[in-house]
Amino acid sequence: MGRQPLILVADPELCKEVGIKKFKDIPNRSVPSPISASPLHQKGLFFTRDSRWSTMRNTILSVYQPSHLASLVPMMQSFIESATENLDTPNEDMIFSDLSLRLATDVIGEAAFGVNFGLSKPHSVCESIKSVNSVKNGDDDDEVSDFINQHIYSTTQLKMDLSGSFSIILGLLAPILQEPFRQILKRIPGTMDRKIESINEKLSGRLDEIVKRRMKDKNRTSKNFLSLILNARESKLVSENVFSPEYISAVTYEHLLAGSATTAFTLSSIVYLVAGHLEVEKKLLQEIDEFGPSDKIPTAQDLHDSFPYLDQVIKEAMRFYTVSPLVARETSNEVEIGGYLLPKGTWVWLAIGVLAKDPRNFPDPEKFKPERFDPKCEEMKLRHPYAFIPFGIGPRACIGQKFSLQELKLTLIHLYRKYVFRHSLNMEKPVEMEYGMVLNFKHGVKLRVIRRTQ
Ligand code: HEM
């Protein structure tokens with residue numbers, strides 16, 4: 001990659017070696033050029049390195065106890081209910097991917113900051129769509145949607161291809177020149193570097209304000225991630241240097257970033273795939289209906305135990321469209337992997353999207369078949385245990401896995417109790433994807449919604 005040595009790993013046994021067995025020699029992520037230009041993104045858990053990372057991760061893990069997750073069910077459910085009221089407008093398409101992004105942003109906004117962004121309110125649907133879309137037009141709405149717009153803009157600019165800023169491209173070719181050039185370019189009006197700098201400055205300013213206000217708030221509860229971290233810091237469970245205000249802003253913002261686009265894409269892809277596979281839909285509806293009357297809200301335990309087919313559907317959709325197809329790591333020492341000696345500083349990327357389509361572990365990989373994840377089936381028994389790792393692997397795997405699965409299951413159960421979905425004739429076939437930092441539907445997911453008769 002430019003002058004940077006890069007190894008791609010697409011074998012489950014070697015992924016295990018990189019992610020688990022040799023973790024002490026490969027504990028950090030490679031930092032792509034777009035990120036090295038953004039301190040806000042660098043100070044989150046994702047890109048923090050070595051001992052600072054392990055201290056931060058341990059503190060964050062302590063606030064991710066199952067009891068805390070279970071206590072988030074009512075909050076998640078209430079956003080889901082308001083986002084999915086009256087979806088069935090006759091003869092009209094709905095852009096399901098917009099609904100998913102609004103919902104996932106609201107849920108993570110409340111869980112991370114304790115702030116209700118108000119995107120899922122049924123009566124403000126039009127405004128919300130406007131705010132989600134207006135990033136492209138640069139519209140200025142009220143304070144909240146302005147914040148969301150900047151967040152989405154900042155995220156979409158972090159592209160890994162060559163359509164980003166000049167300094168990002170330069171970073172790939174001549175890393176040493178990137179920072180001096182960025183310093184110059186960010187002062188020149190009209191450059192992408194200037195735009196990114198100004199958005200990131202505004203976002204950091206906003207976040208710092210929220211954190212400062214919350215630090216002063218003596219009556220803060222422990223219901224959201226930001227308050228939990230501040231409480232841990234004050235009770236001296238964690239050193240104040242590790243969680244200085246700017247690191248707290250970065251970690252909280254990172255939750256919004258990591259938790260919105262990934263969960264939203266996964267939700268859209270599940271509903272899209274089920275709409276195209278009526279035999280899967282039939283089995284899924286049966287399992288959901290058998291759980292009980294539609295006002296019986298599943299507990300975290302129910303979600304874990306009572307929906308085995310839903311589990312299989314979610315896994316198969318995540319295999320079919322792997323939202324985060326590359327996991328980026330970097331060697332800290334010289335290390336041997338699969339018989340090759342990799343020098344210190346080599347980038348090692350786990351191609352988990354390639355693993356997920358390997359016919360040796362997933363026969364007929366282009367077929368959407370949730371039953372291949374039935375624990376009793378032969379295919380599952382023969383499969384390598386690390387062939388399916390959509391949330392990554394080892395000590396650095398995704399910290400939000402249980403959170404997003406809880407949200408996905410609650411949403412799908414609620415949706416399928418009320419509606420079924422069909423592809424709109426306006427949806428392109430085959431579907432087109434684009435890849436920025438994560439996978440996305442290029443033209444959105446357009447569906448027709450049909451209310452179920454009870
Ligand atoms: C369907 C949803 C999601 C998917 C598929 C996903 C996927 C991933 C993957 C592949 C990684 C890299 C893991 C590795 O290096 O082995 C990761 C890391 C991470 N994810 Fe997620 N993620 C999802 C949702 C979330 C949510 C909801 C949050 C926050 C609440 C979150 C927070 C993070 C963080 C903080 C890291 C960095 C962990 C570290 O470096 O220690 N993710 N995620």
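Indexing begins at 1, ligand by ligand and atom by atom, following the structure's order. In what follows, every heavy atom counts, from backbone to side chain, and hydrogens, waters and symmetry copies are set aside. Remember, predicted model here, so these are calculated numbers, not experimental data.
- Nearest protein heavy-atom neighbour of atom 15 (O) of ligand 1: Arg29 NH1, 2.7 Å.
- Of all protein heavy atoms, the one closest to atom 24 (C) of ligand 1 is Thr262 OG1, 3.4 Å.
- Side-chain polar atoms of Glu81 and His414 form no donor-acceptor pair below 3.5 angstrom.
- The protein atom (non-hydrogen) at minimum distance from atom 10 (C) of ligand 1 is Pro390 O, 3.4 Å.
- Asp25 and Ser332 form no side-chain donor-acceptor contact under 3.5 Å, judged by distance and modelled atom types alone.
- Distances from ligand 1 to the non-hydrogen atoms of Arg329 include at least one value under 4.0 Å.
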Practice item. Just do the side-chain contact (heavy atoms from CB on, under 4.5 Å) check on Leu342 and Glu336 with the steps written out, would you? Key: CA-CA 6 Å; Leu342 309 184; Glu336 195 210 293; over 6 Å; no
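- Using the six-membered ring where Trp is involved, Phe320 and Phe368 have ring planes that are perpendicular, over 60° apart on the 30 and 60° scheme.
- In this model, no donor atom of one side chain and acceptor atom of the other lie less than 3.5 Å apart for Gln312 and Glu316.
- At the top of the distance list for atom 30 (C) of ligand 1, counting protein heavy atoms only, stands Tyr64 OH, 3.3 Å.
- Looking only at distances, a side-chain donor or acceptor of Arg396 sits under 3.5 Å from a matching main-chain atom of Phe46.
- In terms of protein heavy-atom proximity, atom 21 (Fe) of ligand 1 is nearest to Cys398 SG, 2.3 Å.
- Taking every heavy atom of Ser324 and a limit of under 4.0 angstrom, the matching atoms of ligand 1 come to 10 (C).
- In summary, the side chains of Ser100 and Ser268 do present a donor paired with an acceptor at a separation below 3.5 Å, with no hydrogens or angles considered.
- For atom 27 (C) of ligand 1, the nearest protein heavy atom (residue, atom name, distance) is Gly259 CA, 3.4 Å.
- Within the structure, the closest approach of Trp53 to ligand 1 falls below 4.0 Å when heavy atoms are considered.
- Scanning the protein for heavy atoms near atom 32 (C) of ligand 1, the closest one is Ala258 CB, 3.5 Å.
- Both tests do not hold together for Arg383 against Phe388: distance to the six-membered ring centre under 6.0 Å, angle to the ring axis within 45°.
- Under 3.5 Å, the side chains of Gln286 and Tyr309 contain no donor-acceptor pair of N or O atoms.
- Every atom of ligand 1 is numbered from 1 in the order shown, and the set under 4.0 Å from a heavy atom of Phe403 is 27 (C).
- At the top of the distance list for atom 28 (C) of ligand 1, counting protein heavy atoms only, stands Gly400 CA, 3.6 Å.
- Assignment of Gln401 to the shell around ligand 1 is not supported, since no heavy atom sits closer than 4.0 Å.
- Compare Met318, Glu407, Arg57 by their heavy atoms: the one nearest to atom 41 (O) of ligand 1 is in Arg57.
- Ligand 1 is never approached by Thr322 to a heavy-atom distance shorter than 4.0 Å.
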